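Below is one structure, written out as structure tokens, with a few remarks after it.
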Amino acid sequence: MRKLKNQSLSRSLTSISIAAIVPMFILSSYLLWALSSAINAYSGINNNISYANKYVMDFKERIDYTMYLAVIGNKSIDEIETGKTTVNGIITVNPYSYIQELESACNKLSLNATVPGNTNEVKRVKNTLNSLGKSIFNLENSIKKGGLYEKNMDTLDRDIYVLTSLVQSGLQNYIYTETTNFENVKAGLDKKNRMMVTTCLITLLIVIVISAFLTTRAVKSVTIPVRKLCAQTSKVAKGDFTANTKVESVGEIALLTRNFNNMTQEIGHLVEDIKRNKENIHLIEMKLLQAQINPHFLYNTLDTIVWLAEEKKTKEVVSIVTYLSDFFHTTLSKGKDFITIQEEELHVSSYMKIQKFRYQDVMDYEIHIDKELYPYIIPKLMLQPLAENALLHGVRNKRGGGHIYITGTKDNDRIIFQVKDDGRGMKPEELEKLKQGIENNKLETTDNSGFGIVNVNQRIQNYYGKEFGISFESEFGKGTTVTIIIAAKNIQTKS
């Protein structure tokens with residue numbers, strides 16, 4: 001009993017299945033055998049009756065009428081046209097062949113007889129057929145030798161007709177005897193039915209008792225440990241990660257218990273780690289934001305400054321250094337994550353002015369942000385990644401240069417920024433890939449602009465909600481429009 005109680009869940013369920021399936025399989029096999037036996041018995045009787053009934057009427061009629069035609073026509077068997085349907089609907093036959101056919105049928109009837117007495121009945125019919133064959137042979141010789149018509153008719157009446165009647169009577173007796181066996185089969189079937197009903201009830205009762213016993217054991221072996229686990233999970237849900245449970249069981253439940261205890265302990269460690277590292281999250285976020293800055297931008301800008309200095313363009317050098325200073329001033333923002341829209345405008349403007357020095361014959365730009373938006377505090381570095389993307393992937397790849405337009409407006413409780421360019425634009429498959437990348441927060445590009453766009457979208461949705469973010473519209477050869485929609489509210493500054 002103790003061993004049964006400590007069975008694993010899989011073994012308990014297997015035991016229940018075996019206890020239910022094996023007896024039912026045996027019972028079903030027995031029922032199928034009994035039913036098959038009854039069907040075979042009925043089928044055998046019916047086949048014998050049908051087979052014998054085929055010759056009951058036809059044999060006598062055909063033999064009698066064929067020999068009658070032989071006598072009145074004074075013809076031998078060979079001279080009579082056999083297989084012909086006469087005016088009265090009787091088919092003429094070759095008596096010898098027909099007798100052989102019935103003898104073969106008698107062999108089959110004897111072999112398939114369901115009543116032992118019918119075997120003897122078939123023997124009598126075969127003996128009669130043998131006598132009938134001899135009588136037909138004698139009558140045919142008499143006809144060939146020119147015997148008297150009256151004598152031949154007398155032979156036909158006394159021998160042929162009498163013997164065919166005996167054959168017919170024997171077949172009828174065979175059919176009657178087989179028919180009476182239906183009652184015997186039915187009685188045997190009724191007896192088997194009563195036995196089967198009793199067997200079914202007993203088997204069903206045994207299966208129910210055994211299954212109920214095994215099921216109760218299996219349920220207890222699961223529910224009791226699960227209740228204990230539920231009690232411990234309630235403690236864990238309240239923050240008590242020291243909760244631990246002990247269950248005296250084996251198999252799956254014991255494994256589940258051990259895994260739960262290990263998981264609880266691991267979660268406790270993770271929570272402690274999160275608490276210790278929470279204060280560093282802000283620093284990590286800042287590093288991620290600053291990681292957007294393309295080092296190539298800084299290198300190229302310094303190269304431009306060197307080139308301007310070599311050309312002794314002092315004013316331009318002063319201007320570009322000033323723009324670069326403003327750019328990094330906003331990028332760093334004294335460690336702040338949020339700046340005003342006015343500061344964001346200054347940042348993207350500094351970036352565009354620097355790039356204007358490099359792409360003065362290729363790129364032009366305009367920035368129009370409503371002044372009423374200036375006081376709003378937003379996450380920094382929202383527009384610059386989009387302006388960089390417009391320059392690198394739009395305007396720079398267009399022959400003859402292009403324009404970039406940056407606008408900012410307010411629409412009721414929403415703030416809408418747009419970065420438009422009339423550059424190369426995107427093919428439908430490129431646009432779809434871009435949208436999927438933003439949706440899946442993974443956009444692969446040859447530079448860091450993909451990271452910058454995804455980062456901007458993630459930060460917008462983190463601070464404002466999933467209904468806000470970035471959307472793209474583009475037509476190949478005509479340009480691209482990037483729209484940012486955020487809520488018209490101030491983000492609380494954090495330091």
Side-chain angles (χ1 to χ4, degrees), residues 33-71 77-78 80 82-86 88-141 154-192:
W33 171 81
L35 180 61
S36 176
S37 299
I39 292 175
N40 289 336
Y42 274 107
S43 177
I45 295 172
N46 188 62
N47 290 337
N48 289 339
I49 292 174
S50 298
Y51 196 61
N53 197 53
K54 174 182 176 182
Y55 295 95
V56 168
M57 297 302 298
D58 291 346
F59 182 81
K60 178 174 176 54
E61 285 183 347
R62 293 176 180 179
I63 294 292
D64 289 353
Y65 195 68
T66 298
M67 296 311 300
Y68 170 75
L69 293 177
V71 172
I77 300 301
D78 295 334
I80 297 175
T82 59
K84 180 180 179 182
T85 303
T86 60
N88 53 5
I90 300 174
I91 299 175
T92 58
V93 295
N94 184 312
Y96 303 116
S97 299
Y98 204 38
I99 289 172
Q100 289 180 354
E101 180 182 339
L102 183 55
E103 285 179 344
S104 298
C106 287
N107 291 333
K108 185 175 181 180
L109 291 174
S110 177
L111 181 65
N112 296 332
T114 61
V115 179
N118 265 346
T119 303
N120 295 327
E121 187 67 45
V122 171
K123 288 182 180 179
R124 286 192 290 271
V125 171
K126 290 178 69 176
N127 291 333
T128 304
L129 287 174
N130 186 43
S131 299
L132 177 62
K134 293 178 180 179
S135 297
I136 291 174
F137 179 79
N138 293 333
L139 179 58
E140 185 181 19
N141 281 337
D154 184 61
T155 301
L156 181 66
D157 289 335
R158 288 186 298 102
D159 294 341
I160 304 300
Y161 290 169
V162 170
L163 291 174
T164 55
S165 296
L166 289 175
V167 171
Q168 185 182 47
S169 176
L171 292 175
Q172 288 174 340
N173 289 337
Y174 179 92
I175 292 173
Y176 174 76
T177 306
E178 287 291 317
T179 303
T180 57
N181 196 36
F182 273 121
E183 293 298 325
N184 297 330
V185 173
K186 183 178 181 299
L189 184 60
D190 290 340
K191 182 179 179 180
K192 287 183 178 179

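Remember, predicted model here, so these are calculated numbers, not experimental data. FYI, the numbering just counts along the sequence from 1.
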List the atom of R62, the atom of Y98, and the distance in Å for their closest heavy-atom pair. NH1-OH, 3.3 Å
Look at the side chain of S110 and the backbone N and O of N107, then say whether any donor-acceptor pair between them is shorter than 3.5 Å. no
Is N118 close to L109 at the side-chain level, that is, under 4.5 Å between some pair of heavy atoms? no
Which is it for K60 and S165 under the side-chain contact (heavy atoms from CB on, under 4.5 Å) test, yes or no, and what are the steps along the way? CA-CA 7 Å; K60 178 174 176 54; S165 296; 2.9 Å; yes
For a side-chain contact (heavy atoms from CB on, under 4.5 Å) check, start with the C-alpha distance between R124 and N120, then their side-chain angles and the critical distance, and finish with the verdict. CA-CA 6 Å; R124 286 192 290 271; N120 295 327; 4.0 Å; yes
Which pair of non-hydrogen atoms, one from C106 and one from K126, has the smallest distance, and what is that distance? CB-CG, 3.7 Å
Measure the CG-CG distance between N94 and D78 for me, rounded to the nearest 0.5 Å. 7.5 Å
Whether the side chain of E140 engages the backbone of I77 through a donor-acceptor N/O pair (distance < 3.5 Å, no angle test) should be reported. yes
So, T66 side chain and V93 main chain: donor-acceptor pair closer than 3.5 Å or not? yes
Beyond-backbone contact of L129 with L102, side-chain heavy atoms, under 4.5 angstrom: yes
Here the pair of heavy atoms bringing T119 nearest to A113 is OG1-CB, 4.4 Å
Verify side-chain contact (heavy atoms from CB on, under 4.5 Å) between I136 and I99, making sure each step is shown before the conclusion. CA-CA 11 Å; I136 291 174; I99 289 172; 3.8 Å; yes
Atom pair CG/CG of D58 and L171 - distance to nearest 0.5 Å: 11.0 Å
Should the heavy atoms of other residues, nucleotides or ligands under 6.0 Å from OH of Y68 be counted, would the total exceed 12? no
Atom CD1 in I80, atom OH in Y65: separation rounded to 0.5 Å? 10.5 Å
Inspect the surroundings of OH in Y96 and state if more than 12 heavy atoms from other residues, nucleotides or ligands are less than 6.0 Å away. yes
Have a look at L166 and tell me which of L132, N127, V125, T128 forms a side-chain contact (heavy atoms from CB on, under 4.5 Å) with it. T128
Can you confirm whether K108 sits close enough to L111 that some side-chain heavy atom of one is under 4.5 Å from a side-chain heavy atom of the other? no
Checking the side chain of T177 only, and the main-chain atoms of N173 only, is there a donor and an acceptor separated by less than 3.5 Å? yes
Test applied, side-chain contact (heavy atoms from CB on, under 4.5 Å); reference residue, D64; option that passes from L69, I90, L156, I160: I160
So which atom in S135 and which in L163 form the shortest heavy-atom distance, rounded to 0.1 Å? OG-CD1, 3.4 Å
